Amino acid sequence: MTDSARSTSDAVAAPGAGDFAARAHRISKVYGSGDARVIALDGVTVGIPRGRFTAVMGPSGSGKSTLMHCMAGLDAVSEGEVFIGDTELTRLRDKQLTRLRRDKIGFIFQAFNLVPTLTALENITLPMDIAGRRPDPAWLDRVIDTVGLRPRLKHRPSELSGGQQQRVACARALASRPEIIFADEPTGNLDSRSGAEVLSFLRDSVREMGQTIVMVTHDPSAAAYSDQVLFLTDGQIVDTMQQPTAERVLERMKGFELPGVGAR
Ligand SMILES: Nc1ncnc2c1ncn2[C@@H]1O[C@H](COP(=O)(O)OP(=O)(O)O)[C@@H](O)[C@H]1O
Ligand SMILES: [Mg+2]
């Protein structure tokens, strides 16, 4: 069976399915009203498999960031349900949602969002410090070794390269061992070498530590680090690809985009 024939069935989760770290069931997101009305997500059903690295691709404005924000509980859906593990986000009150985001979800953004006055190590443990939780020392050690920043732990962000700063942000997301990490264009601000460092790290954290990661990217070679790619167009998942290569992803994207139109 080809990827196209397989369509979205690999990624689609029936409610109650157990091997997904996160699921969305027929979610829609509408911004604005009247002439300004935008349907950013149009009935998306998707499951994010546990312990795998999923990439999300699609043209600019196709709803990639909206999908991440809705699945991570940073933005409310207009319709449908979102689950993190067995917990339905869309039913939680604000306080419960805040706690779930803190305990179960990690974020990596295009801007690294590090605190400039804190060292790398202090930045990594900051969310747990705020939550009054002590990091598991063995786990923290492993995360630090996987990021490869042990000699840099006392450095402040301004003393680190872009790639190193983003690896600190990755370690910060991993430190609390979240159920799932959402990364929106995590290599968007990095040169290709630093980008490759961060992508290898994300892939290793999935392969070696069983982390679940969903990453938005517009770069086929970044998507090639993932286990599967979801393709989004006009607020809908229109295709999936397993074990992607940069060449196959690029080929597939040609079908979705007008020549010369960027995918950011
Ligand atoms: N806060 C918002 N208010 C109004 N429209 C928005 C908002 N956020 C996103 N949109 C619109 O929703 C659509 C999807 O946006 P987005 O999810 O950011 O796309 P992508 O990340 O794929 O580029 C776009 O048409 C965008 O203009
Ligand atoms: Mg976006």
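Numbering of residues begins at 1 and proceeds along the displayed sequence. Every value quoted in this text rests on a predicted model; they were computed, and no experiment measured them. As the structure lists them, so they are numbered: ligands from 1, and atoms in each ligand from 1.
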*Looking just at side-chain N and O atoms, do Ser28 and Asp42 make a donor-acceptor pair shorter than 3.5 Å?*
no
_Taking 2.8 Å as the cut-off, does Ser65 contribute an N, O or S atom near the Mg ion (ligand 2), distance below it?_
yes
_Within-cut-off N or O pair, Gly61 and ligand 1, under 3.5 Å_ = yes
*Would you kindly specify which portion of Ala36 sits under 4.0 Å from ligand 1, judged on non-hydrogen atoms: side chain, backbone, both or neither?*
neither
*So is Arg23 actually on top of Phe83's ring, under 6.0 Å and inside 45° of the axis?*
yes
*Are Gly58 and ligand 1 in contact, using a heavy-atom cut-off of under 4.0 Å?*
no
*asked:* Using a 4.0 Å cut-off to any heavy atom of Ala40, which atoms of ligand 1 qualify?
replied: 12 (O), 13 (C), 14 (C)
_Does either side chain, that of Asp219 or that of Ser221, offer a donor lying less than 3.5 Å from an acceptor on the other one?_
yes
_Verdict with reasoning, Glu159 to Arg156, per salt bridge (Lys or Arg N to Asp or Glu O under 4.0 Å)_ = CA-CA 5 Å; Glu159 299 160 343; Arg156 290 181 213 290; 5.4 Å; no
_If only side-chain N and O atoms count, and only distance matters, is there a donor-acceptor pair under 3.5 Å linking Asp75 with Tyr31?_
yes
*asked:* What I want to check is whether the side chains of Gln228 and Thr54 have a donor and an acceptor closer together than 3.5 Å.
replied: yes
*List every atom of ligand 1 that sits less than 4.0 Å from any heavy atom of Thr66, numbering the atoms from 1 in the order shown and giving each element.*
14 (C), 15 (O), 16 (P), 17 (O)
*Please identify which atoms of ligand 1 are closer than 4.0 Å to at least one heavy atom of Pro59.*
22 (O)
*Measure the distances from the heavy atoms of Ser60 to every atom of ligand 1 and state whether one is below 4.0 angstrom.*
yes
